[in-house]
Amino acid sequence: VQLQASGGGLVQAGGSLRLSCAASGRTASTYVMGWFRQAPGKEREFVAAIKSGETTLYAVSVKGRSTISRDNAKNTVYLQMNSLKPEDTAVYYCASGRHFVTTNQKMYDYWGQGTQVTVSS
């Protein structure tokens with residue numbers, strides 16, 4: 001299983017970015033797909049997750065500003081982030097799990113390489 005995250009970049013506060021996670025070796029529509037992030041000097045934290053049937057889960061910090069979605073034909077999961085804040089600056093990782101949407105990182109067994117998101121004030 002390989003997960004390829006992309007779409008990060010430098011954006012001004014208030015701007016938007018769409019992150020993509022292309023999955024190979026695992027059907028994104030039947031597994032849990034999640035996004036996590038790690039800011040400098042901080043632990044990695046949950047951002048959002050989605051499973052078949054459109055069950056979604058968001059961290060409080062991004063709820064209302066972010067949308068996780070999936071394109072089954074492309075086996076790709078997206079994270080649309082709007083109204084970005086400097087505190088959203090982090091390396092964003094996509095991950096895949098077998099069971100249910102959860103914030104618990106231990107429930108995700110495959111991880112992508114990360115994509116940098118930098119939000120300037």
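Everything numeric here is computed off the predicted structure, so don't read it as measured data.
Leu17 contributes atom CG, which lies 9.5 Å from atom CG of Asn82 (distance to the nearest 0.5 angstrom). The line from CD of Gln12 to OG of Ser121 is 9.5 Å long, rounded to the nearest 0.5 Å.
Contact detail for Thr76 and Ser20: the closest heavy-atom pair is CG2-CB, 4.2 Å. Between Gly8 and Leu19, the closest heavy-atom pair is N-CD2, 3.6 Å. The shortest non-hydrogen separation linking Ser83 to Ser16 is N-OG, 4.3 Å. The shortest heavy-atom contact between Arg65 and Leu84 is NH1-CA, 3.9 Å. Across all non-hydrogen atoms, the minimal contact from Leu3 to Cys21 is CB-SG, 3.9 Å. In terms of heavy-atom proximity, Val77 sits nearest to Arg70 at CG2-CG, 4.1 Å.
In this structure, Tyr31 has its ring center no closer than 6.0 Å to that of Tyr110.
Put simply, the side chain of Thr118 never gets that close to the backbone of Thr89: no donor and acceptor are under 3.5 Å apart. For Gln113 (side chain) and Ala5 (main-chain N/O), a donor-acceptor pair under 3.5 Å exists by modelled atom type. Formation of a donor-acceptor pair under 3.5 Å by the Tyr108 side chain with backbone atoms of Cys94 is not found in this model.
Annotation: side chain of Val101 is not in contact with side chain of Thr56 (no heavy-atom distance under 4.5 Å). Using a 4.5 Å heavy-atom cutoff, the side chains of Val32 and Met107 are not in contact. In this structure, the side chains of Ser66 and Leu79 come closer than 4.5 Å at one or more pairs of heavy atoms. Between Arg98 and Asp109 there is a side-chain heavy-atom pair separated by less than 4.5 Å. Between Arg37 and Asp88, some side-chain heavy-atom pair lies under the 4.5 Å cut-off.
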For Ile68 and Met33: C-alpha separation, side-chain torsions, deciding distance, then whether side-chain contact (heavy atoms from CB on, under 4.5 Å) applies. CA-CA 9 Å; Ile68 189 170; Met33 299 297 293; 5.5 Å; no
* To do: With side-chain contact (heavy atoms from CB on, under 4.5 Å) as the test, would you mind laying out the steps for Met81 and Val11 before giving the verdict?
  => CA-CA 11 Å; Met81 300 188 296; Val11 63; over 6 Å; no
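Taking the six-membered ring for Trp and thresholds of 30 and 60 degrees, Trp111 and Phe36 have ring planes inclined between 30 and 60 degrees apart.
Under a hydrophobic-cluster definition in which Ile, Leu, Val, Met, Phe, Trp and Tyr are linked whenever side-chain heavy atoms come within less than 4.5 Å, directly or via other members, Val1 and Trp35 are assigned to the same cluster. Tyr58 is not connected to Tyr78 by any chain of hydrophobic side-chain contacts under 4.5 Å among Ile, Leu, Val, Met, Phe, Trp and Tyr, and they are in different clusters.
Heavy atoms of other residues, nucleotides or ligands lying less than 6.0 angstrom from CD of Gln2 number 12 at most.
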